[in-house]
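Structure, as structure tokens:
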Amino acid sequence: MDPRDLETLLRSVRDGRLSPEEAAERLKTLPFENLGFATVDHHRALRRGFGEVIFGAGKTPDQIAAIVERIASRGQNVLVTRTTHEVFERLLAVRPAGQVHFHDGARAVTLTQAAPEALAGGVAVVCAGTSDVPVAEEAALTAEFHGASVERIYDVGVAGLHRLLDRAPAIRQAAVVIVAAGMEGALPSVVGGLVEAPVIAVPTSIGYGASFQGLAALLAMLNTCASGVAVVNIDNGFGAGYLACSILRTARAVSRPAP
């Protein structure tokens, strides 16, 4: 159940299309479901605005398929991150082809039964180099899955600053900017000095030995002198995309006129 489902249910009671007893019976449905190997949170969208997302790494295709099926059975869309083509094929065997898509760049699978509620404002996803694209794509896909429009601006790292400045007008159009970078992780600081929107920095594990699999970039981003820059964990494109949509959703709620 998500906020739209709850609102529809309450309107049905108000308009006499559903009795209070019938509505109460529907609300008795447990907010979670125990599958033995996983406990599926069916009311996360009601609490958080967005439904549960499945982290695919470490789960078997059968486990992922079972979790997806339980979420999808409630009419919700499903995003599986860090997964494989094998999982996609497994889902394709039990779901219509038009619903299930494998996103190779993001290493993710989506099952879409209804268009997400559109979020106003837009997200720019910026990355320093082509090697950072998989993390950037995970962020971009996550944001699109949750209803944001996304502008992808790739390979604009500080080694060639003119590339970034050329795309600065497009970046400034976004309400939230996600910046993925590895090695020394300087790009979010530069972007943070160019835009007024909040910047979400994503350190990637790209770089030679002294980058320490993204630790150098993480520490650099945490120590940025640019204001308005937040940092997620190494390679956490999903976390960045989700946070960007949470910002857009909260901004929309705050801007709504009082009833």
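What you see is a predicted model, and the numbers here were worked out from it, not measured in a lab.
Across every non-hydrogen atom of G185 and A181, the tightest pair is CA-CB, 4.2 Å. Residues V199 and P188 approach most closely at CG1-O, 4.4 Å, considering heavy atoms. Of all heavy-atom pairs spanning A174 and A197, the tightest one is O-CB, 3.6 Å. When every heavy atom of G193 is checked against every heavy atom of A226, the shortest pair comes out as N-CB, 4.3 Å. Contact record, R172 with V195: CG-CG1, 4.0 Å, taken as the closest heavy-atom pair. Summarising the geometry of A216 relative to A210, their closest heavy-atom pair is CB-O, 3.9 Å, with the distance given to 0.1 Å.
Between the CG atom in L79 and the CZ atom in F55 there is a gap of 12.0 Å [rounded to 0.5 Å]. In this structure, CZ in R90 is found 12.0 Å from OG1 in T84, a value given to the nearest 0.5 Å. Taking NE2 of H103 as the reference point, atom OG1 of T83 lies at 11.5 Å (rounded to 0.5 Å). With rounding to the nearest 0.5 angstrom, the CZ atom of F88 is 14.0 Å from the CZ atom of R95. Expressed to the nearest 0.5 Å, how far CG of L218 lies from OG of S211 amounts to 12.0 Å. Atom CG in L187 sits 6.0 Å away from atom CG in L164 (nearest 0.5 Å).
In E89, the CD atom is crowded: over 12 heavy atoms of neighbouring residues, nucleotides or ligands sit closer than 6.0 Å. Within a 6.0 Å radius of CG in D104, no more than 12 heavy atoms belonging to other residues, nucleotides or ligands are found. Atom CD of Q99 sits in a crowded spot, with more than 12 heavy atoms from other residues, nucleotides or ligands closer than 6.0 Å.
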**OP:** I would like to know whether I171 and L194 meet side chain to side chain contact (heavy atoms under 4.5 Å, CB included); could you show each step before the answer?
**Re:** CA-CA 9 Å; I171 298 172; L194 294 174; over 6 Å; no

Original post:
Given the rule in the side chain to side chain donor-acceptor pair (under 3.5 Å) test, do T112 and H101 qualify, once you have shown the distances and angles that lead to the verdict?
Top reply: CA-CA 8 Å; T112 306; H101 298 278; over 6 Å; no

Original post:
Step by step, would you call F37 with I67 a side chain to side chain contact (heavy atoms under 4.5 Å, CB included)?
Top reply: CA-CA 10 Å; F37 56 87; I67 298 169; 3.9 Å; yes

Original post:
Does the side chain to side chain contact (heavy atoms under 4.5 Å, CB included) test come out yes or no for L111 and L91, once each step is laid out?
Top reply: CA-CA 9 Å; L111 189 156; L91 295 175; 5.6 Å; no

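Q113 contributes a side-chain N or O that, together with a main-chain N or O of A72, makes up a donor-acceptor pair within less than 3.5 Å. The backbone N or O of G237 sits less than 3.5 Å from a side-chain atom of E138, completing a donor-acceptor pair. Not one N or O on the side chain of E69 forms a donor-acceptor pair closer than 3.5 Å with the backbone of A66. A distance-only check finds no donor-acceptor pair linking the side chain of N77 to the backbone of T110 [under 3.5 Å]. Formation of a donor-acceptor pair under 3.5 Å by the N233 side chain with backbone atoms of N236 is not found in this model.
Hydrophobic clustering (ILVMFWY, side-chain heavy atoms < 4.5 Å, transitive): I178 and V191 are in distinct clusters. A continuous path of Ile, Leu, Val, Met, Phe, Trp and Tyr side chains, each step under 4.5 Å between heavy atoms, connects L248 with V202, placing both in one hydrophobic cluster. Under the 4.5 Å side-chain heavy-atom criterion for grouping Ile, Leu, Val, Met, Phe, Trp and Tyr, V123 is connected to I200 within one hydrophobic cluster. In the hydrophobic cluster analysis, where Ile, Leu, Val, Met, Phe, Trp and Tyr join through side-chain heavy atoms closer than 4.5 angstrom, M183 is grouped apart from L215. One hydrophobic cluster, built from ILVMFWY side chains closer than 4.5 Å, cannot hold both I234 and V179; they sit in different ones.
Applying the ring-ring contact (aromatic ring centres under 6.0 Å, His included) test to residues at least two apart or on different chains, the pairs with a partner in residues 144-172 are F50-H146, H146-Y242. Within the structure, side-chain hydrogen bond (donor to acceptor under 3.5 Å, both in side chains) pairs that include any residue of residues 186-208 comprise D132-T204, S189-T224, S205-D235 (at least two apart or interchain).
The shortest side-chain heavy-atom distance between C127 and D155 does not fall under the 4.5 Å cut-off. Side chains of I54 and T81 form no contact here, defined as non-hydrogen atoms less than 4.5 Å apart. Within the 4.5 Å cutoff, the side chain of I247 has no heavy atoms near those of the T250 side chain.
Partner of R107 under the side chain to side chain contact (heavy atoms under 4.5 Å, CB included) criterion, out of H85, E137, R82: R82 alone.
Remark: E144 engages R152 in a salt bridge, criterion side-chain N to carboxylate O under 4.0 Å. Remark: E151 engages R167 in a salt bridge, criterion side-chain N to carboxylate O under 4.0 Å.
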